[in-house]
Amino acid sequence: MTDLPAPPLPRLARLRARFLAAPEPAKRVQFDRPLLPWLFLLPQLAVIVVFFYWPSVQAITSSFYIEDPFGFGSTFVGMENYGDALGSAEYRRIAGFTAFFTVMVTALALGLGLLLAVKADKVIRGRSAYRTALISVYAIAPPVAGLMGMMLFDQHIGPFVKLAGWFGWDMKVGLNYWDTAFAMIVVSVWKQVPYNFIFFLSGLQGIPAAVREAAVIDCKNGLRRFAGITLPLLAPTGFFLLIINITYALFDTFAVIDVMVKDKPANNPITLVYKVYLDGFRGNDIGGSSAQSVILMLVVLVLTLVQFRYLERRVHYG
Amino acid sequence: MKKTLVAATAFAMTAQAALAETTQITWWHGMGGANEQVINQVAEKFNAAQSACAITPVSKGTYEEALAAGIAAFRSGEQPNILQVFDAGAATIINAKGATIPAEDILAQNGHKLDRDAFIDGIRYFYADANGKFIGMPFNSSAPIMYVNDDAMKKAGVTPPKTWAEFEAIAPKLKEAGYTPLVASQLTWMFFENYFSRNNVQMASNNNGYDGFEGTELHATSPELLAFWTRVKDWHDKGLFGYYGAGWADNQKPFEEGKVALWIGSSGSFGGLSKTAVMPFSADFLPYDETVKDGNKSSFIGGASLFAMSGKPEAENKCTADFFNFLTTTDIQKFYHQATGYVAITKAAYEASKAEGWYEKHPQAEVGIKQLLLPQGEWSKGYRLGFYPQIRVIEEREYNKIFAGETTVEDAFKTIETEGNELLAKFAKTSG
């Protein structure tokens, strides 16, 4: 086995191999002065410390206090802020919706992105025009997407609402919980599909023609070929996109939600991150909001660990 | 072209000269659109009237965003000299004693005198402490009033209602005439806070929160309030009351389009409405509840007031005081009142507008002031409740549920009371 020359690995796998490989002592000493590597690392470390570690520590500290918004007085309350959040039926309802929203947005955005990529991969005439049209949506900033969604689904002037009316659907975004949820999911998915499309398309183009041709000879059924050959080869891309899409649905949809509920969520669905913002920045409840953000941080941590631990094992890199 | 250039150069030069010797102060506010333009004009007028100080207004978005920005800035020592804070945020900023200099103090320290009696009664207490000392400087004050679609009244052959019983009498006729009889924006302000003030019902214990935060409880399940909301729900079910969600504009729009007969809005909506409404409209008081004894009192003031932030140099504080003093001058009050529809906050400005005949041309503009000039009830002076912006969020959620039929009026207000009291108890701990 070991005598055979190693096949050329894709970049990600090569990187991974390098991390996993035993350290080679000869190569480790690359800098004459021990300070130099730290100097190179410094900008990156500074960014992480200033924008991640420091705020995280602050959030954890203030989650144990109930604090005056202006920072004059605070009372140590231990785990009370956590108890208040987790004990509240409203918080649990929002957590439930967040899970539902994340699954829907991730599944639909990945599914549609993949479908469009597979179809666009087959187009020969005018392929660049198609692709540009599909990708261009990605250039729209989330608040703008939210604004477009708001217009599209406006109770009084929204064209989509009129369309729904023809089918007997009396759509009331902003009033009816599930109508608003529907609008939010549509806008969030629409915004994310092009991103997935780009990655899936480049993933598809990375599959060697020889493999595809061999598959055509072996199997006539296009669907089976797709399931048996294309999909496994796309798995690394898919895994990467899965993580990105979950993060997107959890956090980056904030602007879409903010614009669509117009600052007044009332009984409309919101996600956990919006609740953190609502309590912290609207309600000036810094302790409670910090506790919620710590909970969210833990959820994401667990989710990421699970993904890498269990899901990545099934993914084959090249 | 040449002229513009000369003017521009001259302007740049004077601006530069001004920069050299004037004290700069900043003013953060939460106004947008037409009202932001008026704020800029007020600042320009101040800068033109004297040369020692120059004020720069900065819009921070909405009221809520302005307060959040002010708090964040204060915590990092970057606060503006003046921060505009809205009615629901009053407790937050007044409770933070070291964050602001009471308006009366900063004026006195800099040689100005604030005459409490010069202000319209309804305005005097809301941003003051329990002793009546002005903490915030009243600035843009509004009242919730009822706008009337004149065409609808004519078509249905009815007159605007004074009480909710009168509304019930005319509503079916308005509906028959093809209108949605009633729509209201921001029910938290209209049908909750100002239900208490207009009908003189206690809103919270501890003297509506003025006597301290410890143990203050919301009276959201008052029988009067529940009875009223049961009626509102009934109107909604019969198609006599339209509800389009918590957003302000969503509820204003159908009125502008002439589809609604009566709309409860802000006296400050007048300026915008005169430009957008497709039909002639008039205005009247927010109807009161005839079933409550001793009602028909003045409403709480809405809108916002200005707070002088602490931690600024003496020279800048002097400018802030000068500006506060400038704001109370009759000319500026009159200008601001007439340009925006916010009520005149001083009696002199009201009298001056009257003498000018402004209300003969714009009778709608007087309604808000007249409503605030109604006799004050024990419970119509104001409320001081911590985390109140969050309590409004709970109210909005429950109102949506009521109209969607997901909950009953009674359960909704029980929830508001329970969750509201939890927040109030939490707020009492913040100052500990």
Side-chain angles (χ1 to χ4, degrees), chain A residues 58 62 65-77 80-81 83-84 87-91 93-94 150 153-158 172-180 258-270 274-275 277-289, chain B residues 61-62 64-65 67-72 74-76 79 89 92-93 95-100 186-188 243-250 253-254 257 259 386-404 406-407 415 419 422-423 426-432:
Chain A
Q58 279 217 318
S62 57
Y65 289 87
I66 287 180
E67 197 177 343
D68 168 74
F70 284 87
F72 287 111
S74 58
T75 313
F76 182 79
V77 292
E80 200 176 292
N81 284 327
D84 282 354
S88 136
E90 179 61 18
Y91 187 80
R93 187 170 81 133
I94 294 171
M150 194 178 95
F153 292 104
D154 186 276
Q155 283 180 52
H156 303 293
I157 56 162
K172 288 204 168 89
V173 174
L175 210 56
N176 182 303
Y177 189 88
W178 290 109
D179 285 354
T180 313
D258 186 45
V259 175
M260 290 197 72
V261 302
K262 297 170 201 169
D263 226 35
K264 288 194 188 296
N267 189 37
N268 291 303
I270 54 171
Y274 195 79
K275 172 87 172 141
Y277 161 79
L278 203 64
D279 286 358
F281 292 89
R282 281 287 174 277
N284 309 307
D285 173 11
I286 291 164
S289 169
Chain B
T62 62
E64 285 94 343
E65 283 163 348
L67 177 60
I71 289 172
F74 185 84
R75 290 175 73 106
S76 54
Q79 69 272 29
T92 307
I93 189 148
N95 180 48
K97 290 233 158 50
T100 61
Q186 207 184 337
L187 296 180
T188 53
Y243 178 70
Y244 302 94
W248 181 287
D250 288 337
K253 195 167 208 136
E257 290 169 346
K259 294 175 188 160
F387 287 145
Y388 195 70
Q390 263 177 301
I391 299 178
R392 274 188 175 173
V393 170
I394 298 170
E395 290 168 30
E396 281 160 358
R397 189 189 72 214
E398 294 303 314
Y399 299 162
N400 262 29
K401 284 189 190 169
I402 289 176
F403 294 120
E406 285 174 36
T407 184
T415 309
E419 292 188 23
E422 282 167 12
L423 284 170
K426 204 169 180 182
F427 188 78
K429 282 186 202 164
T430 59
S431 37

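Only heavy atoms go into these numbers, but all of them, side chains included; no hydrogens, no water, no symmetry mates. Below, chains carry the letters A, B, ... as their sequence lines are ordered, and counting in each starts from 1.
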Count the heavy atoms of every other residue, nucleotide or ligand shown that sit under 6.0 Å from NZ of B:Lys401, and state whether that count exceeds 12. yes
### Query
Going by heavy atoms in the side chains, are B:Asp250 and A:Lys264 under 4.5 Å from each other?
no
Here the gap from A:Thr75 atom OG1 to B:Lys429 atom NZ, rounded to the nearest 0.5 Å, amounts to 7.5 Å
- Query: Judged by atom type as modelled, is there a donor-acceptor pair below 3.5 Å linking the side chain of A:Gln155 to the main-chain atoms of B:Tyr244?
  - Reply: yes
Cut-off 4.5 Å, heavy atoms of chain A, and the answer for B:Glu406 is side chain
One option among B:Val393, B:Thr62, B:Thr92 has the most heavy-atom pairs under 4.5 Å with chain A, and it is B:Thr92
Note: vs chain A, highest number of non-hydrogen pairs under 4.5 angstrom among B:Ala404, B:Pro389, B:Ala99 is B:Ala99
Might you confirm whether atom CZ of A:Phe72 has over 12 heavy atoms from other residues, nucleotides or ligands at distances under 6.0 Å? yes
Under 4.5 Å to a heavy atom of chain A? For B:Tyr399 that would be neither
- prompt: Taking it one step at a time, do A:Glu90 and B:Thr415 satisfy side chain to side chain contact (heavy atoms under 4.5 Å, CB included)?
  reply: CA-CA 11 Å; A:Glu90 179 61 18; B:Thr415 309; over 6 Å; no
Nearest heavy-atom approach of A:Pro69 to B:Ile71 is O-CG2, 3.2 Å
Rounding to 0.5 Å, atoms CZ (B:Arg397) and CZ (A:Arg93) come to a distance of 6.5 Å
In this structure, NZ of B:Lys253 is separated from CG of A:Asp154 (nearest 0.5 Å) by 5.5 Å
Cut-off 4.5 Å, heavy atoms of chain B, and the answer for A:Asp285 is both
Worksheet item: Should B:Lys426 and A:Asn81 be marked as a side chain to side chain contact (heavy atoms under 4.5 Å, CB included) after you check the CA-CA gap, both sets of side-chain angles, and the distance that decides it?
Response: CA-CA 10 Å; B:Lys426 204 169 180 182; A:Asn81 284 327; 3.6 Å; yes
Interface check, chain A: of B:Ala72, B:Ala69, B:Ala96, B:Ala249, most non-hydrogen pairs under 4.5 Å belong to B:Ala96
A:Leu175 and B:Gly245 have their tightest heavy-atom pair at CD1-N, 3.0 Å
Heavy-atom closest pair (A:Gly283 atom, B:Phe387 atom, distance to 0.1 Å) is O-CD2, 3.1 Å
Turns out that what part of B:Ile391 lies under 4.5 Å from chain A's heavy atoms comes down to neither
For residues B:Lys259 and A:His156, determine if any side-chain heavy atom of one lies less than 4.5 Å from a side-chain heavy atom of the other.
no
Greatest number of non-hydrogen atom pairs under 4.5 angstrom with chain A, of B:Gly247, B:Gly386, B:Ala246, B:Ala68, falls to B:Ala246
**Asked** Do the rings of B:Phe74 and A:Phe70 sit parallel, tilted or perpendicular, given the 30° and 60° boundaries?
**Response** perpendicular
Between the CG atom in A:Asn267 and the OG1 atom in B:Thr407, the distance rounded to the nearest 0.5 Å is 10.0 Å
Between A:Ile286 and B:Arg75 the two heavy atoms that sit nearest each other are CD1-NH1, 3.3 Å
Keeping B:Asn400 on the side-chain end and A:Gly174 on the backbone end, is there a donor-acceptor pair under 3.5 Å? yes
The interface call for A:Asp279 against chain B, heavy-atom contacts under 4.5 Å, is both
